[in-house]
Amino acid sequence: METLTTLLHDVVNQQTLTQATLNNVRKKDPAGFSKVDVKPVRLKDELYYQFSYYYSQKVQHENLLPEEALAQMVKLFEEVFKQGLLHTQEADYQVLISKKFKVTILKKAPTRTKVELTHNRKKQYLLEEGTPIPFLVELGVMTSEGKIVAKRYDKFRQINRFLEMIEDIVPHLSQERTLNIVDFGCGKSYLTFALYHYLKEIRGLNLNVIGLDLKEDVIAHCNAMCARFGYGENLKFLVGDIADYDELDRVDMVVTLHACDTATDAALEKAVRWGADVILSVPCCQHELFKQVENETLAPMLNHGIIKERFAALATDSVRAHLLEIVGYKTQLLEFIDMEHTPKNLLIRAVKGKVTAAEREKLVHSYLEFKQFLHIDPYLEKALADRLEIAQVRMLK
């Protein structure tokens with residue numbers, strides 16, 4: 001820890017730190033925070049460091065003087081977090097701490113050299129305003145000067161919100177080999193290009209990204225953009241169906257955004273069978289359970305079509321998340337963008353982990369009771385029947 005403490009001392013006292021992210025907690029605590037961001041701020045003409053503590057349902061802020069901030073970061077690395085990324089004006093430092101407290105510090109070229117000392121007055125985005133980004137210019141989100149087009153600001157916010165969710169899962173991806181990432185139903189590929197730009201250009205990871213869609217004209221346009229940007233073979237787009245794609249033996253991340261109805265489930269099944277480390281899914285058009293769900297107790301809700309539709313959609317996503325938990329993923333249902341921009345605003349984020357036999361049995365019992373209560377038979381359960389082995393667990397009496 002001595003080397004890390006020295007580094008923290010230098011970047012804080014020399015005022016070169018532009019932002020830091022501490023993540024990957026040592027011991028999961030449902031009531032605790034999962035990530036801490038640190039950035040310099042100016043308060044009453046004095047330098048402070050603002051700590052943002054991310055809990056499951058809230059974010060808390062704390063402003064500390066440099067000496068206090070240094071002590072707090074050292075404490076967080078010693079007691080809470082196993083990883084971190086320090087952005088400074090001279091370099092980026094990735095911090096990795098093993099179970100035996102062996103510290104590894106990887107130094108890379110700086111990606112955030114500008115110090116923003118305003119007190120949280122302007123939203124800080126992973127893709128900064130004022131810096132032209134080729135694919136955003138091409139897609140009409142930015143001007144050639146890097147200014148956000150007013151009518152496209154919601155899309156700019158959506159892209160950055162998506163990248164914030166990507167930022168949180170980077171520690172779960174291998175840093176040592178080329179990562180295979182598949183985006184099913186990529187469409188015009190705003191988010192595919194954003195994902196590639198962030199992971200490749202900003203985080204410096206080695207990638208092989210495949211975008212898959214059924215529309216030939218859309219795929220041709222995306223490949224033409226790749227050629228103009230010089231992305232080469234690291235990012236390519238193919239015409240194809242989710243269920244039929246089998247060109248890769250291993251995939252590290254699966255992204256599926258707005259795949260209609262059970263196409264989302266087909267993508268989730270693919271991800272599980274690949275053993276993907278990370279799954280990101282924004283479902284769309286969930287019709288399957290709408291036709292199935294029935295319960296006399298819930299009749300005051302289910303007798304109204306619009307209420308039943310929304311309930312069925314929430315039940316569908318809950319089932320998907322729960323089934324992923326049974327096969328060993330840690331899942332979260334997150335708000336993708338604000339409700340006023342689109343009703344399809346939930347994102348399922350799943351990170352591969354481990355589940356004990358006792359935890360698995362409890363999850364299965366909970367699922368079977370839910371399934372019986374709503375009289376449903378979900379596609380994903382049938383698709384993953386051999387992995388779930390639900391039939392081998394008896395219902396609770």
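These values consider heavy atoms only, across backbone and side chains, with no hydrogens, waters or symmetry-generated copies. Position 1 is the first residue of the sequence, and the numbers go up from there.
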| note | Which of H87, R203, Q19 passes side-chain hydrogen bond (donor to acceptor under 3.5 Å, both in side chains) with T111? Answer is H87

| Of the options D168, N23, T21, which is the one that meets K35 in a side-chain hydrogen bond (donor to acceptor under 3.5 Å, both in side chains)? | D168

For the backbone of [Y] and the side chain of [X], can you confirm whether one donor and one acceptor N or O come within less than 3.5 Å of each other?
X: W274; Y: V254; result: no
X: K82; Y: F77; result: no
X: N160; Y: F156; result: yes
X: R349; Y: T331; result: no
X: R360; Y: L388; result: yes
X: S189; Y: G187; result: yes
X: N208; Y: N180; result: no
X: T88; Y: D92; result: no

Indicate if [X] and [Y] have the same hydrophobic cluster label, given that clusters are the connected sets of ILVMFWY residues with side-chain heavy-atom separations under 4.5 angstrom.
X: V103; Y: L22; result: yes
X: F311; Y: F373; result: yes
X: L126; Y: L195; result: yes
X: L96; Y: I105; result: no
X: F370; Y: Y329; result: yes

| said: Going by salt bridge (charged side-chain N to carboxylate O under 4.0 Å, His left out), name the pairs with one or both residues in residues 308-328, residues two or more places apart or in two chains. | reply: D265-R320, D317-R320

Which pair of non-hydrogen atoms, one from [X] and one from [Y], has the smallest distance, and what is that distance?
X: A350; Y: L324; value: CB-CD1, 4.0 Å
X: V355; Y: I326; value: CG1-O, 3.8 Å
X: S281; Y: L268; value: CB-CD2, 4.1 Å
X: E167; Y: Y198; value: CG-OH, 3.3 Å
X: S34; Y: V25; value: O-CG1, 4.0 Å
X: E288; Y: P378; value: OE2-C, 3.4 Å

Starting at [atom1] of [X], measure out to [atom2] of [Y] and round the result to the nearest 0.5 Å.
X: E369; Y: H365; atom1: CD; atom2: NE2; result: 8.5 Å
X: I376; Y: N295; atom1: CD1; atom2: CG; result: 11.0 Å
X: L207; Y: E233; atom1: CG; atom2: CD; result: 14.0 Å
X: L86; Y: L8; atom1: CG; atom2: CG; result: 6.0 Å
X: L212; Y: D241; atom1: CG; atom2: CG; result: 7.5 Å
X: E90; Y: T18; atom1: CD; atom2: OG1; result: 9.5 Å

Counting only heavy atoms not in [X], do more than 12 fall under 6.0 Å of its [atom1]?
X: K147; atom1: NZ; value: no
X: H172; atom1: NE2; value: yes
X: D249; atom1: CG; value: no
X: K362; atom1: NZ; value: no
X: E2; atom1: CD; value: no

| Positive for ring pair (Phe, Tyr, Trp, His ring centres under 6.0 Å) with F237, one of F184, Y231, F193 | F193

| field | Chi angles and distances behind the side-chain contact (heavy atoms from CB on, under 4.5 Å) call for I97, Q83 | value | CA-CA 6 Å; I97 304 175; Q83 295 187 7; over 6 Å; no

Tell me, do [X] and [Y] make a side-chain contact under 4.5 Å, heavy atoms counted?
X: I166; Y: E164; result: no
X: Y196; Y: N234; result: yes
X: V255; Y: L191; result: no
X: F135; Y: V141; result: no
X: L64; Y: L70; result: no
X: V293; Y: H375; result: no
X: T192; Y: V209; result: yes
X: L363; Y: Y367; result: no

How about [X] and [Y]: does a side-chain donor come under 3.5 Å of a side-chain acceptor?
X: K155; Y: Q158; value: yes
X: Y54; Y: D37; value: yes
X: Y379; Y: E269; value: no
X: T356; Y: E359; value: yes

| said: Assess whether a salt bridge exists between R273 and D386, defined as any Lys/Arg side-chain N lying under 4.0 Å from an Asp/Glu carboxylate O. | reply: yes

| Can a salt bridge be assigned to the pair E78 and K75 using a cut-off of 4.0 Å between side-chain N and carboxylate O? | no

| request: Check the angle between the aromatic planes of Y53 and F51 and answer parallel, tilted or perpendicular using the 30° and 60° thresholds. | output: parallel

| query | V36 and Q72: side-chain contact (heavy atoms from CB on, under 4.5 Å), yes or no, with the steps? | reply | CA-CA 11 Å; V36 175; Q72 179 66 351; over 6 Å; no

| What about the rings of F33 and Y55, do their centers lie closer together than 6.0 Å? | yes

| note | By salt bridge (Lys or Arg N to Asp or Glu O under 4.0 Å), D377 pairs with (sequence neighbours left out) K371, K382

| task | Just do the side-chain contact (heavy atoms from CB on, under 4.5 Å) check on R152 and Y190 with the steps written out, would you? | result | CA-CA 12 Å; R152 309 292 283 169; Y190 292 89; 2.4 Å; yes

| salt bridge (Lys or Arg N to Asp or Glu O under 4.0 Å) between R161 and D154, worked out | CA-CA 10 Å; R161 174 59 177 151; D154 286 345; over 6 Å; no

| task | Start with the C-alpha gap between D252 and R177, add the side-chain angles, then the distance that decides, and say whether salt bridge (Lys or Arg N to Asp or Glu O under 4.0 Å) holds. | result | CA-CA 11 Å; D252 300 277; R177 57 179 170 77; 2.8 Å; yes

| query | Given the rule in the side-chain contact (heavy atoms from CB on, under 4.5 Å) test, do I133 and H197 qualify, once you have shown the distances and angles that lead to the verdict? | reply | CA-CA 9 Å; I133 299 173; H197 177 84; 3.9 Å; yes

